[in-house]
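Here's the structure, in structure tokens; my notes come after.
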Amino acid sequence: MSDVNAALREPWSDLRRQREGVTVGIWLFIVSEVLFFGTLFLGYGVYRSLYPEAFRIAGAQTEVFYGSVNLLLLLTSSAAMTIAVDASRQEMRRITIICLALTILLGAGFLLCKGLEYRDDIAKGLLPGAYFPLRPPQTQLFWAFYWVMTSVHAIHLATGLVVVGVLASLLWRHTLPIQTPAIQGVATYWHFVDTVWIIIFPLLYLVGRS
Amino acid sequence: MTSDGFLTAASDYARQVDGTFWLLVTISGLITLLVASLIAGFSLRYRRGSNAWRGAVPERTSRDIEIGWTVATLFLFLFIFWWAASNQLSALNVPAKASEIHVVAKQWMWRVQQPSGAREINEIHAPVNVPIRLVMTSEDVIHDLFLPALRLKQDVLPNRYTYLWFTATRTGVFNLTCAEYCGTNHSVMAGRLVVMTAPDYARWTNAQPEADDLARQGKTLFGALGCSGCHDPASIIHAPDLHGIYGRAVPLSDGRVVTADEAYIRDSILEPAKDIVAGYAPVMPSFRGIVTEEEMVKLIAYVKSLSAPSSPGAASRDDREPTGAQQ
Amino acid sequence: MTDVAIAGVPRPGLPPSAGEGREGASYLSAGHTLLSWLTTTDHKRIAILYAVSITIFFFIGGIAIALLRLELVVPHGLFLTSEAYNRLFSLHGIIMVWFFLVPSIPGTMGNFLLPLMIGARDVAFPRLNLLSWYLYVFAAAFAVYALVSGGVDTGWTFYTPFSTNYATGYVIAAAAGVFVSGFSSIATGVNFIATAHMLRAPGMTWFRLPLFVWAMYTVSMVMVLATPVLAMSLLLIIAERAFGLPIFDSARGGDPILFQHLFWFYSHPAVYIMILPAMGVVSEVIPCFARKTIFGYAFMVYALITIAVIGFMVWGHHMFVAGQSPVANLVFSFLSFIVAVPSAIKVFNWTATLHRGSITFEAPMIYALGFVGLFTIGGLTGLFVASVPIDIHATDTYFVIAHFHFIMVGGTVSAYMAGLHFWWPKVTGRMYSEPWARFAAITTFLGFNATFLPQFVMGWIGMPRRYHYYPDIFQPWHVMSSVGALILAVGYILPLVYFGWSLIFGRRAPANPWNATGLEWQTSSPPPKENFHRIPHVDAEPYAYYESGQTSPADGRPSFQPQGRTA
């Protein structure tokens, strides 16, 4: 049974205040991430409005099956994360840890799926460069954004997996008590990563398919 | 290059810019003097131990002062903006009869083509009192053509045309240089703008080799590259007729309507699949890597000449048949 | 027993060791090993880690420009190849912008003072604070290594297609270093905002905060919102250069101007990241040495906020000749004029603070007054380059170089020096040598003007920037500028000497050597590790200055009333 005060950090004088502080901090971080991804989406939007036909041709080559499976996996993982947070609020340690583990599993599934999809994309030669199979040249713009968007998202997801894993392990070993504000913070980040995929999905998988 | 090559205001526009500059210098000088004297004055008068009166300023006065100088500053700055903006707006209208000079920038030189077809390196010869429009592109990185005596500069971009126009009012030799960092020899990518009287310019033009009409050279290229094979009105292959096309609205296959300007003609030659004319099949091959920038300039000049009322390259009205339905 | 000092009222009668429990116990003595410093979560120690690092990077960037200014005394090269010259100016810009100016005041004074000024024991996330420093110092060291060993000649602006397709050198490494250092900015910003919101002492309402705190708050907003855009811009450059992905490649439909938009969307607010903290410092120093409350506190707060907000809307004024439409040019020009107004208000308010004050000229004050003058000139020349026709001629010349150095060096560095001197006693517990400091302050002011005023002239005549070789007619101006730079260098090296000396031989500082208001002066010099033995309760307005040494009017003379109070 861990002491609530093990969750208390300098310079906070009470846990409730600290929890609010973590919420403020994590949301500010999310805002910065919104601008980070937002810049990417802006670039995509500019080029799509300039070259709609090329984007349609290029977008028809993305693998909707993989994209949709990944969407499902992430949505489910967010559900698991929500349950984890709820359980932690009710101080149900075992369920919290199980749900965190489930989140990790589903997230890892996403990365696996993504890896298979990348393999297929490479086999189709969809790497911008001299041997790109599609015409006109602006189709390479779409695919450049595909590779950048999905890999940046994947890095965020992988980082999230590590963080969730560390959190679960610290809870398991009683290093952190169940009342730690870190759970809420990590959950917010995870939901953000999920939301980014929800935005990426139509941009990459639904263009060129009406 | 003497300082005249930089400092001379070689056009009316340049003189206007200088006027704005000196206005700003005056205003800034006065404000700086004001702030500096206030700081110096207060520092002296209110230094520790002086017996100046130090009573409190009423709060209402303070607030009035603050609002006052905020409003005054805002109005002053808006005035300066308006003054400068009206300079800029009046400079935007390119006169219709501007003589076009083409400039191609590359690391680390300027290649210039006169309308007569004459070519220069790192020099632009121009007649005085004639509106000149520079049509510029780069072969590699972003450069910038800077003409200090005209108080003008414009970035020069790859795969795009940018423009500068001016009417020089003073003859002379003026500095021309690159003003966008472009690599190792950026600082020696310089040259001269030579403004001459009309007779001198005509003499100079005639003395240049290759002083053949750009459009005429373009017509030769048009045939040599095989363009007339499809675009000739009598051709079997169904390709858009280029007579009268320059400056006109062109309906495209995806429903958009674009204007046939230099950029459109250039794209049609280098990337024909980009904008297909409505009613035509996308069968035109790309000439990227086949046509150089100089040749591009000549081809564009030729196509433009097909829209001029009477020009050597224009086919007579009788030759023109409506080829292909134009929606 | 006396309660903890009430904020806002200077207490010169306070014994020097007030606030210290045990004799000599301060944050400096809490752990003497290197490891205790490298694993600290104490915001005060982290501030010192930042101070040491940025000083090192400042001098590296400074040596680069010293070499360049030496090279430029002759028009056709003295001892550098053009390759080397181009790499040196890029190194100078990259280091000075990202590894000195951006972290300077927030990383050092922001870290040290923010918790003290609001009556807190530390920032909201002390471990994140340490991470901030590590991110910064490793990223900067990595980038500097790349710049010094392989070199990059793209300029600090990394314009494509030169940076992606034509530049040789370690572009990716340098861009990656800057990218990672951006996380440090964002983390610091998040920390400061959360701290200001959540950790203010009882009674410390928003409008009782010192202007320095407001400056830290607004600059943190800008850091959090702008830096990610830079991060993505650099990431895209790296992706294009490393993997040949067409993002800005015009041969495949990309647009190099898009990069410029994204880059400047960060880099214009970045200059406000550099100036807002400086304004905060000056707003602390001038009232103290004029013994008078800041004129127009509320307007000063609104001005900070307005500058931060409108600063996001003016980036296109860096692109007037880039190929932007005339309409866009007009809009950005208009907004650039608007953003100048709140800055002007601040200059007037600082000046008005002197009116009916009781002024002395210690080194911090000399630097602060120098700031006001140089920032005024820098800001006024900003009006020049905000006017489109003027900027068409002046952009990419030395005119613009002079303009932004007046703001960043005449402005930010002067304010940094003002703050360094002002808070040196608090941070180190030692007094520095006042005569030497005044000498250095005057030397930098004169040297600075000698360096940069000639640059306005030669820029307007037509001397382009980033030029290794130049036309002969500009030589006299270049020589003037280089001689000025020599004087400026002396002014910057002197503090190393007398500050260093003061650490060993300086007179021990009392808690409040300047009789300044502000909670940081109500604790010992240097402060204890936990900042305050008891968290203060605040019930006074900021800058409640009376005639020196007194807490109430004497000799029947009227006292200075802080605005908002009745007599």
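All figures in this text were calculated on a predicted structure; none of them were measured in a lab. Letters go in sequence order (proteins before strands), and every chain restarts at 1.
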(request) Given side chain to side chain contact (heavy atoms under 4.5 Å, CB included), test B:Gln154 with C:Ile392 step by step and report yes or no. (result) CA-CA 8 Å; B:Gln154 175 63 48; C:Ile392 289 176; over 6 Å; no
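- For chain C, no part of B:Tyr163 is nearby; none of its heavy atoms comes within less than 4.5 Å.
- Using a 30° and 60° split on the angle between ring planes, B:Trp69 and C:Phe295 fall in the tilted class, from 30° to 60°.
- Between C:Tyr467 and B:Cys178 the shortest heavy-atom distance is OH-O, 2.6 Å.
- Heavy-atom distances place the side chain of B:Asp144, and not its backbone, under 4.5 Å from chain C.
- Between the side chain of B:Arg151 and the backbone N or O of C:Ile390 there is no donor-acceptor pair closer than 3.5 Å.
- Residue B:Gln16 does not touch chain C at all, counting heavy-atom pairs closer than 4.5 Å.
- The contact list for residues 375-382 of chain C toward chain B, using heavy atoms and a distance under 4.5 Å, reads C:Thr376, C:Ile377, C:Leu380 by residue number.
- By the 4.5 Å heavy-atom criterion applied to side chains, C:Val321 and B:Leu152 are not counted as neighbours.
- Residue B:Ala179 touches chain C through both its backbone and its side chain, counting heavy-atom pairs closer than 4.5 Å.
- Residue C:Ile257 holds its CD1 atom at 4.5 Å from CG of B:Leu157, rounded to the nearest 0.5 Å.
- When side chains are defined from C-beta on, C:Pro161 counts as touching B:Ile142, because their heavy atoms get closer than 4.5 Å.
- Side-chain contact check for C:Asn86 and B:Tyr181: at least one donor-acceptor pair (N or O, by modelled atom type) lies under 3.5 Å.
- Within the 4.5 angstrom heavy-atom criterion, atoms from both the backbone and the side chain of B:Val25 approach chain C.
- In this structure, the portion of B:Leu89 lying under 4.5 Å from any heavy atom of chain C is its side chain and not its backbone.
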(request) Starting from the C-alpha separation in whole Å, work towards a yes-or-no answer on side chain to side chain contact (heavy atoms under 4.5 Å, CB included) for B:Lys153 and C:Thr397. (result) CA-CA 11 Å; B:Lys153 65 164 67 75; C:Thr397 68; 4.1 Å; yes
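- At least one donor-acceptor pair closer than 3.5 Å links the side chain of B:Arg160 to the backbone N or O of C:Gly323.
- Both the backbone and the side chain of B:Leu24 come within contact range of chain C, judged by heavy atoms closer than 4.5 Å.
- Residues C:Phe474 and B:Phe6 bring their aromatic ring centres within 6.0 Å.
- The nearest pair of heavy atoms linking B:Asn159 to C:Ala251 is ND2-N, 3.4 Å.
- Residues C:His393 and B:Phe146 bring their aromatic ring centres within 6.0 Å.
- Between C:Asn349 and B:Glu66, the closest side-chain pair of non-hydrogen atoms falls below 4.5 Å.
- A 4.5 Å side-chain heavy-atom check between B:Gln88 and C:Asn329 finds at least one atom pair inside the cut-off.
- A 4.5 Å side-chain heavy-atom check between C:Arg291 and B:Arg48 finds at least one atom pair inside the cut-off.
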